[in-house]
Amino acid sequence: MPVQIKLNDVQKQAVETVDKPVLIFAGAGTGKTRVLTAKIAHLIKNEKYSPESILAATFTNKAAGEMKSRVKKIVGPRASKVNIGTFHSICARILRYEIDELGFNPNFAIYDAADQLSLIKSIINSNKIPVDGMTPNAIRGRISLAKNSMAESKLDNKSPSPVDRAAALVYPIYTKALKENNALDFDDLLLFPLKVFKKNPAILKKYQEQFKYVLVDEYQDTNHAQFLLVKLLAEKHNKITVVGDDDQSIYGWRGADISNILDFEKAFPGCKTFRLEQNYRSTQTILSAASTMVRNNEHRAEKELWTEGIAGASIGLMETFDELEEAEGILELLEREIVNKKRTFNEFVILYRTNAQSRALEDALRRRGITYKIVGGVRFYERKEVKDLLAYLRLIVNTVDTVSLKRVVNFPPRGVGVKTVEKCEKYSRKKGISLLASTADPDAFDLKGKPAEGLKDFNSLIAKYAELLPKLSAAELSGAVVDELGLVSFYKEQATTEATEQLANVQELLNSIDDFCKENPKTGLREFLEEVSLLTDLDNWNQDSNAITLMTTHAAKGLEFPVVFIAGMDEGLFPLARYMDCTEELEEERRLFYVALTRAQDRVFLHYATNRRRFNGIYGMGYASKFIHEIPEENLERITFRSSVTRKLVRGKAGKYKLKQVRTVTNFDDLERGDKVEHKVFGKGMVLSVNGSGENQKISVIFRGDIRKKLIAKYANLKRL
DNA sequence: AAGGTAGCGGTTTTT
DNA sequence: CCGCTACCTT
């Protein structure tokens, strides 16, 4: 049964205007996904576009998936034929077909930041590049930014900037090495289709013919390469709709160019612009606070968001002593919301500027036994044990990938060290063969003993599975590789909690390969590897599971939650200190804060700490972020944190301040097994077991509904019944 | 020549 | 607080 989408007047016009380019300024919460979805459905149902002639580009897989499923609800199974995907996945798909144009093999690997870094390190070492104190990571960042903004020529080895000079020296060797490894980095995924189109206009023409209508989400975040792609693909039919909000442009640091949206009319003459200004998400209070605050930016298109919704509660503001109290304060407010407003865990998100801030929050959540889900930080596919297995699979698919080879040639340990690899490299260069080929015959360069045997074993394993690749499914092949490597016993023998977790992650990877094979029966390992390279943590997250979500504000873009906590509203942290004196960068930080505020439907709580630890010491005497002062006083409500523990700063040796716990206010009686207790969130329960006493008493409690929790009595705030 | 351990330095955000 | 490099031991 087709679902009819309800649209307001402006939304309806934006959907039905299909004869000229359309730019939609869509403020936060004004229903931009709804409009895009409705437009795709409209094109198919009323304008008779075939699903495969429509191209819709997003920035995250999550947004793409969301759009796909919504279109499916309206037009039915045909929706799966619509080309909806992230820029990177759309480009990867095109390149699998066309990359031989550029002398690459379609089995190319996709290198993530860690792979790039290891390649760059080996380039610096083997070419003795004078890096002038620049870290490989800084060089990697500089090269990436240059590629993103298509300004590689700005990398000049006589530049006054030392990063530029180092990057200029590394860049050509890096490019050559990628080609030798038959590998592309993330930036190449966007740049290479442009090269193909330029080299062979017939290919461009083919895609122009195929994509008769182009739609782009989050247009404010496009960089120059993405702009050119969109422009090239759409210019034949001139049928294009882009949606974006310049106030939510937060990716300038990775090359996004806000002028793409501000100058859309220049690039697509005769375009029609629509402004969606009715907000369906937030209360008036939140909306007015956010709008007032963002008006401090000069470089923006004027707009006025409004809502028919209720005024809503004030924005809470809490000052705490340090990040530990900040976490306690957040959880106190959170428990209050749960008790008084009957909210569930999935209605909350805790946002922060940097991933490192999650730690204190995690500890506090764990202590209270509250389920939480972290998005970002070290991603699943970036974990060492996962990358190790993936490296084997990548090497089997693409046998010239030396980054993957070097990663696992001695994992699990088989007696092949740095020196041995160096000998292989020397030999392979001399003979003009691949690094993998050189491992087949170590006798040829007088290698004996354990290293030689190790190399031979490694080589025959890879050769064996490279041959089996077309005959086995991805799941069968990876299972066999894990068996042959003896990974299960490798981790089990270590008998540490870490190794147990690593083994579990390896199993999980195998499971996900299995799932992928079931969902995509016609595809193989190559497609799986492509998918995981482009997958993010957010893609595995779902709002339905009953857990509190923690993530950076960047990751939260496009999402909404009833209650939003913003941690770390300290001057110097948000905005980050390094961005405070450059107007342009400060404006981007302000937009980021705008994104954070506008995620909320009902309630926002802002938190800052006056003593935040960074690295190991105390991070100065802090105060509230300037952004807090940009929120109208009448929208704010100060909330005092009642601390159970008092801490103060004590001057230690070398003038360094140290934190000292002065006194504990709460006294509580020790609990005993069998005690009946009541918990603010989990309700009534009974103590099952007790460990220790006083401050450190740990208890395990069974609550109603067979919920078992391990708690630290001090933090659990249990009421004895 | 590998493999283990002790100090050091570095940190924003991500497809 | 974690990861990497430099050294020391096997």
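Numbers restart at 1 for each chain; the letters A, B, ... are given by sequence-line order, proteins then strands.
For A:Arg394, the salt bridge (charged side-chain N to carboxylate O under 4.0 Å, His left out) partners two or more places apart in sequence, or in a different chain, are A:Asp115, A:Asp401. Among residues two or more places apart in sequence or in another chain, the ring pair (Phe, Tyr, Trp, His ring centres under 6.0 Å) test is passed with A:Tyr171 by none. Listed by chain and residue number, A:Phe87 satisfy the ring pair (Phe, Tyr, Trp, His ring centres under 6.0 Å) test with A:Phe59 (two or more places apart in sequence, or in another chain). For A:Lys373, the salt bridge (charged side-chain N to carboxylate O under 4.0 Å, His left out) test picks out no residue, with sequence neighbours left out. Residues satisfying the salt bridge (charged side-chain N to carboxylate O under 4.0 Å, His left out) test with A:Glu218, not counting sequence neighbours, are A:Lys32, A:Lys557. Taking A:Tyr594 as the reference, nothing meets the ring pair (Phe, Tyr, Trp, His ring centres under 6.0 Å) condition, with sequence neighbours excluded. The side chain to side chain donor-acceptor pair (under 3.5 Å) check on A:Asp363 picks up A:Arg366, with sequence neighbours excluded. A:Phe528 is linked by a ring pair (Phe, Tyr, Trp, His ring centres under 6.0 Å) to A:Phe516, counting only residues two or more places apart in sequence or in another chain.
The ring of A:Tyr251 does not lie on top of the base of B:dT13; it is either too far (5.5 Å or more) or too tilted (30° or more).
Rounded to whole Å, the distance from CG on A:Leu229 to P on B:dT15 is 18 Å. In this structure, A:Trp253 places its CH2 atom 4 Å from C1' of B:dT14, rounding to the nearest Å. A straight line from CZ of A:Arg140 to P of B:dG10 spans 17 Å, rounded to a whole angstrom. Whole-Å rounding puts the A:Lys62 NZ to B:dT14 P distance at 16 Å. In this structure, CD of A:Glu530 is placed 16 Å from P of B:dT15, rounded to the nearest angstrom. Between the P atom of B:dA2 and the CD atom of A:Glu453 lies a distance of 14 Å, rounded to the nearest Å. B:dG10 atom P lies 10 Å from atom CE of A:Met134, rounded to whole Å. Going from atom CG of A:Leu586 over to atom C1' of B:dT12 covers 15 Å, rounded to whole Å.
Taking the nucleotide of DNA chain B with the nearest heavy atom to each of A:Ala555 and A:Ala138, the more 5' of the two is matched to A:Ala138. Of the residues near DNA chain B, A:Thr135 and A:Phe87, the one whose nearest nucleotide (by heavy atom distance) lies more toward the 5' end is A:Thr135.
Using a 4.0 Å heavy-atom distance criterion, A:Lys384 is classed as making no nucleic acid contact. Residue A:Leu534 is classed as having no contact, given no heavy-atom separation below 4.0 Å to the nucleic acid. As judged by a 4.0 angstrom heavy-atom cut-off over every strand, A:Phe186 is placed among the base-contacting residues.
Contact annotation: A:Thr420 side-chain N/O to B:dA2 OP1/OP2 distance is under 4.0 Å. OP1 or OP2 of B:dT14 has at least one side-chain nitrogen or oxygen of A:Thr552 nearer than 4.0 Å. Of the side-chain N and O atoms in A:Lys557, none sit less than 4.0 angstrom from OP1 or OP2 of B:dT14. Listed pair A:Asn355 / B:dT14 meets the phosphate criterion, a side-chain N or O lying under 4.0 Å from OP1 or OP2.
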Subject >> Bracket string, DNA chain C, 5' to 3' - pairs by Watson-Crick or G-U geometry under 3.5 Å, | interstrand >> reply: .|||||||||
Show me the protein contacts with nucleotides 2-6 of chain C, counting only N or O atoms at under 3.5 Å.
unit_1	atom_1	unit_2	atom_2	d
C:dC2	OP1	A:Arg359	NH2	3.1

Under 3.5 Å, which protein N or O atoms sit close to an N or O of nucleotides 3-7 of chain B? Give each pair with its distance.
unit_1	atom_1	unit_2	atom_2	d
B:dG3	OP2	A:Asn410	ND2	2.9

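Checking B:dA1, B:dT15, B:dT12 against the side-chain heavy atoms of A:Thr86 singles out B:dT15 as nearest. Of the candidates B:dT14, B:dT13, B:dT15, the closest approach to any side-chain atom of A:Arg353 belongs to B:dT13.
Ring geometry for A:His224 against A:Phe227 counts as parallel: the plane angle stays under 30°, on a 0 to 90° scale with 60° as the upper cut.
Summarising the local packing, NZ of A:Lys384 is surrounded by more than 12 heavy atoms from other residues, nucleotides or ligands at distances under 6.0 Å.
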Subject >> A:Tyr219/A:Val243 under side chain to side chain contact (heavy atoms under 4.5 Å, CB included): CA gap, chis, key distance, verdict >> reply: CA-CA 6 Å; A:Tyr219 192 69; A:Val243 182; over 6 Å; no
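The stretch residues 109-148 of chain A participates, sequence neighbours left out, in no ring-ring contact (aromatic ring centres under 6.0 Å, His included) pair at all.
A:Arg590 has a carboxylate O that lies under 4.0 Å from a charged side-chain N of A:Glu630, or vice versa, which qualifies the two as a salt bridge.
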